[in-house]
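I have placed the structure first, in the form of structure tokens, so that the comments after it can refer back to it.
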Amino acid sequence: MTSAAREGWLERIEAPDSLTLNLGGRWDMRSAQRHEKELRHLRPSGKQALRVDFSAIDSLDTAGAWLLFRLAKRLRAEGVEVAFDNLQAPHADILERLAKIESHVEIEPPKPNPLVAIVALIGKSVIDIGVEIMESIAFLGLTAVSFARAVLRPKLFRVPAIFYHMEQAGLNAIPIIALIAFLIGLVIAYQGAIQLRQFGAEIFVVDMVAVSVLRELAILLTAIVVAGRSGSAFTAQIGAMKINEEVDAMRTIGLDPMQVLVLPRLIALMIVLPLLGFVADVMGLVGGGVMSMIELGISPSQYIDRLEQSFAPWSLGTGLLKAPVFAAIIALTSCHMGMKVSGSSESLGKFTTRSVVHAIFAVIVVDAMFSIFFAYIGI
Amino acid sequence: MAEQNNIAIRARDITVAFHGIAVLDKLDLDVRRGDVMGFVGPSGAGKSVLLRTIVGLNKRVRGTIEVLGQDLDKLNYRQRREIEERWGVLFQSGALFSSLTVAQNIEVPLFEHTDLPVDVVEEICALKIGLVGLPPEAASKYPMELSGGMRKRAGLARALALDPEIVFLDEPTAGLDPIGAAAFDELVRSLQSSLGLTVFMVTHDLDSLHAVCDRIAVLGDKHVIVTGSMAEMLEQDHPWIRDYFHGPRGRAAR
């Protein structure tokens, strides 16, 4: 039947007072593509009228009909008489339907003048920074209130959820963090050995590794890995729940999303980040030891001896003190960004990116502030 | 041969299983060209699964599916794309691309499958928007800015973008107000008659079944229990079918 019908064809018959288009076959999307150019520029010469003969058409779809309708519309606007002959009932029906439809729509929302847009963008970004800071503070406050409420009613702490997130963000992150810390220990010891050998002070490589790994690098790297690994996961989880209206559903059931979603993640991260930091400390020292042995010939027992002599408890302490603060920054930023997701998948991507970038940025800024603070109080 | 040509979708011995549990078992089905075929059945009977299996979104364990006379398993990449041009699918929640406007959503298949110039694509897009009864202002809106009913219409417009021969509708009137649903029925019916569409419609809307369906297939016990016209359905003895068509809602719809 229709599949056997011929492809759409078109035949012109010129007469002194009229141009007739005989149409036949399947006038569908495919035929429309083929004849679009021809019909676009078709114009009867002089005083000719256009007659379109539909009698041989087997089937007509909206794309095919639209081409003919558009032709007629254009020519009528130019003052040419156009007639459709031998219309079959279903085809007439389609054409009639098309005639009622507004043929122009805006594809995208209107865009402002680019110059204005740039100025507006700059202004908006500046305001957004302020708004973002305010919102973050508000979110911190909201979390504090939820936490206080949970302290008063300990039932509100969702213990299974806390353990779940501890496993996801903590336990499962141990291999990657251990590996990174080990490699960083190696690199620092290697670089230190090259420099210190010039002064014959190879043994101080151990001090250098201890101070840099314990005070700064181990915990900073741990925080950055966790921000990338778990921060993005938190944002994506909460964001997808927002899109799916699950967060709204929680509210209507009387569950506080802050209690259910934010607090367990925050608490879990604050518990596991110091532990991960400790793992990184140990692995960093081991890495430094391995490199000292290879490069400087310092035996493990010498290395440990030297570590004991140079070890200041505060080196370890300052590093681990920072961990819960970094954890809070990462958890709050990522949950906050997750809550801000709305509607589209694009927004989910945007906020996930923003969550990681902001968390890492904030962690580094706060780390610098800690350094100054510790130096000031002399530990 | 003539009869072969009259069948739009022929499914034989279809078995679909998830995690080893069969959802559809040895299902046979014929949908005739130009018919509006309604699929009903209890929730979980596998109506949507059948739809998804036919368009190739679910894997089947066994069975053959012929669409428009072509065995879907024997197609190469190009033939497969050609078949995909000849069907359109409206998903239950519209499944519009959330980062594109309604108009851009409708343009996606047009740009992907045709080389029509941009202005014609935009006009066809406007046409489809009008055809499904969306106001022109809706074109430049994002899906999240629309109501559920408007999203459905936009989804239908996208499904119809390429003037397909077969349209798969998954619960098209669910979530629409009765007037909107009736208008949607009317729309499907008139598009069917003027464009000669074959419509595969999963629905629970008894009014829709009465208003637009030429034939009805009842799914249950993992296969098609019976197919036939509305009049034939009313005479069935199967308990579920009796309850369905003779229940209070069934009576009201008549």
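Residue numbering restarts at 1 for every chain, and letters A, B, ... go by the order of the sequence lines.
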When you measure from the side chain of B:S140 to the backbone N and O of A:I107, does any donor-acceptor pair fall under 3.5 Å? no

Looking at B:D119 and A:R70, is there a salt bridge between them, counting it only when a charged N and a carboxylate O are closer than 4.0 Å? yes

Step by step, would you call A:T62 with B:I124 a side-chain contact (heavy atoms from CB on, under 4.5 Å)? CA-CA 8 Å; A:T62 52; B:I124 290 180; 5.6 Å; no

Is it the side chain or the backbone of B:L131 that comes within 4.5 Å of chain A heavy atoms, both, or neither? both

Return the option, out of B:T114, B:L100, B:I106, with the maximum number of heavy-atom pairs under 4.5 Å with chain A. B:T114

For the CD atom of B:E123 and the CZ atom of A:F69, what is their distance to the nearest 0.5 Å? 10.5 Å

A:S344 side chain to B:S99 backbone, donor-acceptor under 3.5 Å: no

Given heavy-atom pairs under 4.5 angstrom as the criterion, report whether the side chain, backbone, both or neither of B:F97 touches chain A. neither

Are any of the side-chain nitrogens in A:D28 or B:R86 under 4.0 Å away from the carboxylate oxygens of its partner? no

Given a strict heavy-atom distance threshold of 4.5 Å, which part of A:L60 is in contact with chain B: side chain, backbone, both, or neither? backbone

Count the heavy atoms of every other residue, nucleotide or ligand shown that sit under 6.0 Å from CD of A:E81, and state whether that count exceeds 12. no

Would you say that A:E346 contacts B:S98 through its side chain, given a criterion of any heavy-atom pair below 4.5 Å between the two side chains? no

Above 12 or not: heavy atoms from other molecules or residues under 6.0 Å from CD of A:E245? no

Counting only heavy atoms not in B:F111 (residues, nucleotides, ligands), do more than 12 fall under 6.0 Å from its CZ? yes

Has B:I179 got more than 12 heavy atoms of other residues, nucleotides or ligands less than 6.0 Å from its CD1? no

Considering only heavy atoms, which portion of B:K141 lies under 4.5 Å from any heavy atom of chain A: side chain, backbone, both, or neither? neither

Quick one: are A:I243 and B:M144 in side-chain contact, heavy atoms under 4.5 Å? no

Most chain B-contacting option - heavy-atom pairs closer than 4.5 Å, from A:K37, A:Q33, A:M29, A:E36: A:Q33

Please classify the contact of B:I129 with chain A as side chain, backbone, both or neither, using a heavy-atom distance under 4.5 Å. side chain

Would one find more than 12 heavy atoms of other residues, nucleotides or ligands at under 6.0 Å from atom CZ of B:R151? yes

In this structure, are over 12 heavy atoms from other groups packed under 6.0 Å from B:Y77 atom OH? no

Donor-acceptor check, side chain of B:D163 to backbone of A:A63, threshold 3.5 angstrom: yes or no? yes

Residue B:E145 versus chain A: region with a heavy atom under 4.5 Å: neither

Whether the side chain of A:E106 engages the backbone of B:A139 through a donor-acceptor N/O pair (distance < 3.5 Å, no angle test) should be reported. no

Of the backbone (N, CA, C, O) and the side chain (C-beta and beyond), which part of B:A138 lies under 4.5 Å from a heavy atom of chain A, both, or neither? neither

Is B:E137 close to chain A through its backbone or its side chain, or both, or neither, when contacts mean heavy atoms under 4.5 Å? neither

